[in-house]
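See structure below.
Everything quoted here is computed from the prediction, not taken from an experiment. Whatever order the structure lists ligands and atoms in, that order sets their numbers, starting from 1. Along the sequence shown, residues carry numbers from 1.
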Amino acid sequence: MSHRVALRFHDDDRGKPVVGIADTASALNPCNIGFSRLIPEVERGIRDAGGVPARFPVMSLGEDLMKPSAMLYRNLVAMELEETVRANPLDGVVYLANCDKSVPASIMAAVTTNLPSLLLLGGARSAPHFDGKPLGTGTDLWRALDKRRAGRMDDADWLGLERTLACAGPGACNTMGTASTMAIMTEVLGMSLPGTAGLAAIGDELVAAAYETGVAVTTAILRDERPDVRLTQIALDNAVRALAAVAGSTNAIIHLAAIAGRLGLDAGLARMDHLWRDIPLLADVEPSGTGLIHDFRRDGGVPSLVAAMGDQFDTTALAGDGETWAVAVAAAPEPSGVIHTRANPVAAGPTLAAVFGSLAPTGAVIKTAAATPSLIIHTGRAIVFDDYADMRERLDDPGLDVDANDVIVVRNCGPAGVPGMPEWGMAPIPKRLVEQGVTDMVRISDGRMSGTSFGTVVLHVSPESAVGGPLGLVEDGDLIELDVPGRRLGLLVDDDELERRRALAHPSPPRHLRGWPKIYAEHVQQAPDGCDLDFLAALTPESRRFIEPVVGRS
Ligand code: FES
């Protein structure tokens with residue numbers, strides 16, 4: 001009875017399932033602010049399907065504002081959601097998520113608590129025109145930044161760009177950045193309704209999807225359909241392949257590994273690289289293509305992409321509506337526009353690759369689709385920056401001894417090192433070289449880069465330098481060999497010399513972290529394991545039992 005009183009149940013609500021709505025709307029997160037408009041529709045869908053809605057607030061992870069990175073807080077939100085769901089009498093949950101890290105955090109919580117649930121993504125922001133073309137969030141800003149640094153963009157144009165960006169309204173980045181990529185991953189994994197990835201944040205279609213999501217979760221509760229039925233190794237492998245087909249954000253590699261870790265599934269780099277090898281680029285969307293996520297959705301979205309992938313996608317996996325993907329594909333438009341067929345791909349694969357070697361013993365990744373083809377086999381002199389601050393201070397120094405064949409190394413950007421593994425991996429091209437017309441160089445880091453970024457950038461080098469990885473031993477002038485076709489990343493320095501350097505290396509001075517960053521730095525796993533906390537990653541039968549008995553109908 002106390003549950004019913006606390007939830008303000010009417011008499012005719014007795015016995016109905018209680019459906020939580022995890023609300024991440026926040027004025028500090030423009031990507032998620034639009035949920036305020038959608039919540040009444042989710043509630044209406046829940047009620048119409050026979051449930052009782054219960055909205056609750058959740059920390060909002062906005063990539064634009066949070067420092068050093070919203071990634072530092074992904075696991076915290078996953079934990080907040082898990083504990084809220086575990087501690088309250090909920091029967092199912094609609095997770096409202098949109099900006100990059102709120103999506104994987106919600107999936108991690110959903111698969112851990114394993115209550116009937118779906119995510120409702122908040123849609124993509126609009127694309128106001130600038131310089132005669134629709135503005136792709138992030139990607140076009142990076143391009144403009146290089147023009148600005150090269151002196152080819154004056155103050156008036158720069159201000160015009162800022163004003164245009166500010167007019168884009170609510171919603172997630174509209175290129176194939178991390179948010180769009182994770183929206184696609186969510187849909188492929190069966191954790192959102194089919195056809196919803198890439199909807200416009202301000203359109204009526206998203207309002208309808210909000211209602212349908214409320215209905216679908218309530219229906220799933222009544223049928224006792226839980227995420228573990230959908231999120232199998234087959235579904236995960238589908239997601240890994242779909243990631244390559246859209247040349248999605250490298251951040252999704254980490255998030256998929258974290259989700260796999262919660263479920264005891266395999267999303268190791270070797271398996272992913274194997275799955276990526278024969279997948280061509282099928283989505284012509286920035287930064288690896290020309291369109292925006294609106295175009296992708298207009299041309300059929302994920303169901304048409306799955307159709308285009310043919311036998312590279314196992315359609316026996318379940319979509320978010322509880323039907324197999326074969327059903328969604330049968331109703332999907334033929335691939336067209338920015339969604340290409342395998343017979344006529346945007347580019348040959350692989351679009352992503354994992355590399356291993358003396359510089360990355362447990363792996364690193366590169367988005368080959370966004371790299372310069374002539375640089376994917378390259379040996380060059382290392383120009384080493386000890387951390388992000390060092391890079392910012394010295395990169396544009398006219399006296400820096402650097403040329404276009406060098407390899408820029410930025411270290412101490414990893415999960416434990418910062419902590420939080422910020423998107424510092426795409427170091428800018430040194431200004432002197434930009435002015436000479438250089439547009440790309442090999443860059444190597446133990447950090448991440450934005451999904452909207454591009455270039456020949458090797459990321460997630462593991463183990464990271466802050467925990468003793470060999471990236472910490474590189475010195476200016478060492479030769480580094482990148483061989484993407486051979487899947488190698490080597491430091492061409494002999495073992496004796498590396499041992500000598502290791503013996504001389506000074507441990508980093510102790511950092512005076514407190515609160516969450518302290519817990520995070522002490523427990524975060526490396527990138528190939530998804531950067532989850534070690535005590536959250538492995539769900540044992542005992543910890544599963546700890547979660548399950550607490551939830552239940554009121
Ligand atoms: Fe939020 Fe890109 S900054 S989705």
Rounded to the nearest 0.5 Å, how far apart are CG of N174 and OG of S180?
7.0 Å
What atoms in ligand 1 come closer than 4.0 Å to a heavy atom of C99?
1 (Fe), 3 (S), 4 (S)
Residue C31 vicinity, atoms of ligand 1 by number, heavy atom under 4.0 Å:
1 (Fe), 3 (S), 4 (S)
Residue A179 vicinity, atoms of ligand 1 by number, heavy atom under 4.0 Å:
4 (S)
For D100, the ligand 1 atoms whose distance to one of its heavy atoms is below 4.0 Å:
2 (Fe), 4 (S)
Is there an N/O/S atom in C173 at a distance below 2.8 Å from atom 1 (Fe) of ligand 1?
no
Report yes or no: does R148 contribute a side-chain atom to a donor-acceptor pair with the main-chain N or O of M153 at less than 3.5 Å?
yes
Treating W325 as the side-chain partner and V188 as the backbone partner, does any N or O pair qualify as donor plus acceptor under 3.5 Å?
yes
Is the shortest heavy-atom distance from the side chain of L256 to the side chain of L189 under 4.5 Å?
yes
Quick one: does R443's side chain have a donor or acceptor within less than 3.5 Å of a partner on A427's backbone?
yes
Short list, please: which atoms of ligand 1 are under 4.0 Å from a heavy atom of A172?
4 (S)
Going by the atom numbers of ligand 1, which of them fall below 4.0 Å from some non-hydrogen atom of E63?
3 (S)
Measure up the Y388 and W424 rings against each other and bin them: parallel (under 30°), tilted (30 to 60°), perpendicular (over 60°).
parallel
